[in-house]
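Lettering of chains follows the sequences in order, A, B, ..., and the numbering in each one begins at 1.
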Amino acid sequence: MIKIEHLAKHFGTLEVLKDISLEIQKGEVVAIIGPSGSGKSTLLRCINLLEKPDGGSITIDGINILEKGVDIAKIRSNVGMVFQHFNLFGNMTVLKNMIYAPMVVLGLGKEEATDRAMALLRRVGLEEKAHQYPSRLSGGQQQRVAIARALAMQPEVLLFDEPTSALDPEMVKEVLDVIKDLAHTGITMVLVTHEMGFAREVADQICFLDGGVLAEKATPDVFFSSPKSERARQFLAKVL
Amino acid sequence: MLNFQAIASYLPTLGKAISLTLEFTLLSTILGFIWGTLLSLIKISKVRPLQLFAQGYTSVFRGTPLLVQLMLIYYATPQLLNINITALQAGVLTFGLNSAAYISESIRGGIQAVSRGQWEAAMSLGIPKWRMMLNIIFPQALKSILPSLINESIALLKDSSMVSIIGVADTMRWATLVQAKTFRAFESFIIAAAVYYVLVMCLTAIGRRIERRSRVSD
C-alpha cells in the first residue's frame, strides 16, 4: 500500500529524517512513536506531501508521489489527515466542513455529500452538532468531527498527527474510541502518538523513531516487552 | 449674526450634492477593495517581480499626499495620454488607487493571520488553491480586518471632500459655492460638516451591524 524508501528530509542544516525505509500493508495500523523532535510528525507529513522530502521515494498504490507531474491534490484526497489542532474550517458549520471537500474535490452532489456527512456524524456521535460552528464544540468533539471530515473523502489511508495531544485529559478517551473503531474497518492508518497504551492496543506495527532514524520496527508485543535497541529501552523506561 | 434664511434657497441642491458624495465614496471603496485584494494576493504570492511591483506601488501611494495624486491624475493624465477624464472619474480613480494601497496591507495581514492549520487542512483534503483562498482563507481574513476596512471607507468618505477642489459637485463643493454667493461662511460650512458627520455615523452603525453578523461563527 505505502512503500517508503531511503526517505531523507532536512530543514536547513538539520537532518530531520535519515534514510527511512518502511513498508505499510493495506489495512495495517502503524503507530510511530519516539522522543520529541525525532522526526515523527515530519515523516507523517511527508506521506501527504505537506512536507516535501529531499530524497528517497514514497510509493502509494504503485505511484511514486515524489515524481514530477503527479497530481498532488488527487493523492491527498486519497490520504486523509487528522491534525493535532483539529483545523476545522472556522467559517463553516460542522456539516459544511464535511461536505465542502467531497463536493468540490470529488464532485459529489449536495444531497449525496450531506447524506454521507450525516452518516459519519452519527458514527462519531455528533449528529446534533451538524449546524454548529466549530468554536462552539469542545476539543474532543472538534477532533471527532475532524476525523469524520477526513473519512467523508473515503480515503484509503488515514494519517493521525498526535490526535489527542491538544486535548484536555477527560476528552482523550472519546477520540481514541473513535480511532479504535476505525482500526477494524480495513482502512490503512498511520498514527503519531504519545499514548503508549493506545499504540500497544490498536497498532499492528510499532515504528520507533529516534533522531530521524527508524531505530526499530516490531509488533507491539515484541516492542513493548523486549525492545532490541538500547535507545528504545531508555525511551520506554521514561514513558511507561 | 447667524442667518440660515439666507442660504435656505440653496438647500434643494444639497440633496444632489450629498448623493454625489455617497456615489463617489461607494465607487472608490469598491475600486479600492478589488484592487487592494489583488495587490494583497500579489504580495503573498511567490512571484518576485510582481511582489516588488506591489511593494513599490504601496510605498509610492502611501508616501505622497492624496491631493498631489489627485492633481497628477486629473491634470497630468490628459496631458500625457491625450485623453479626457472627468473630474469625477479622476477622483474615483485616485481615491480607489490610493485606498487600495492601504487596504492591501490590511488584507495581507489578515490573510497571514489565518492559522497555518487552515491551509494545511484544506491542502490535505485536496482542495484546489484558489478554492481554498476564496472559500476558507479569505472569508476568515476578511472577518478579522472588518473594523479596519470600515475605518478605511470612513476615511474615504471624509477625504472625498477634497474632490471639490477639481470641481466635482459634491457636498463640500456645494458649501463653497453657497458661501461664495451668499457670503455666509459659517452657515454653509457648518451644514457641510453636519452632513459629513451624519454620514459617518450612519456608516459606523452599518459597520457595527456587519461586524455583529460576522460574529455568528465565534
So does E111(A) have more than 12 non-hydrogen atoms from other groups sitting under 6.0 Å from CD?
no

Atom OH of Y197(B): over 12 foreign heavy atoms under 6.0 Å
no

Sort [X] into side chain, backbone, both or neither according to what part of it lies under 4.5 angstrom from a heavy atom of chain B.
X       : answer
R149(A) : both
F89(A)  : both
N48(A)  : side chain
F86(A)  : neither
L88(A)  : backbone
V79(A)  : backbone

Expected contact set for residues 118-155 of chain B against chain A at heavy-atom separation under 4.5 Å reads Q118(B), E120(B), A121(B), A122(B), M123(B), S124(B), L125(B), G126(B), I127(B), P128(B), R131(B), N135(B), I136(B), P139(B), Q140(B)

Per-residue tally against chain B (heavy atom, under 4.5 Å) across G90(A), G80(A), S77(A) peaks at G90(A)

K43(B): partners by side-chain hydrogen bond (donor to acceptor under 3.5 Å, both in side chains), with sequence neighbours left out:
T58(B), S104(B), E105(B)

Select one option (side chain, backbone, both, neither) describing which atoms of V114(B) are under 4.5 Å from chain A's heavy atoms.
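Answer is neither: V114(B) stays 4.5 Å or more from chain A.
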
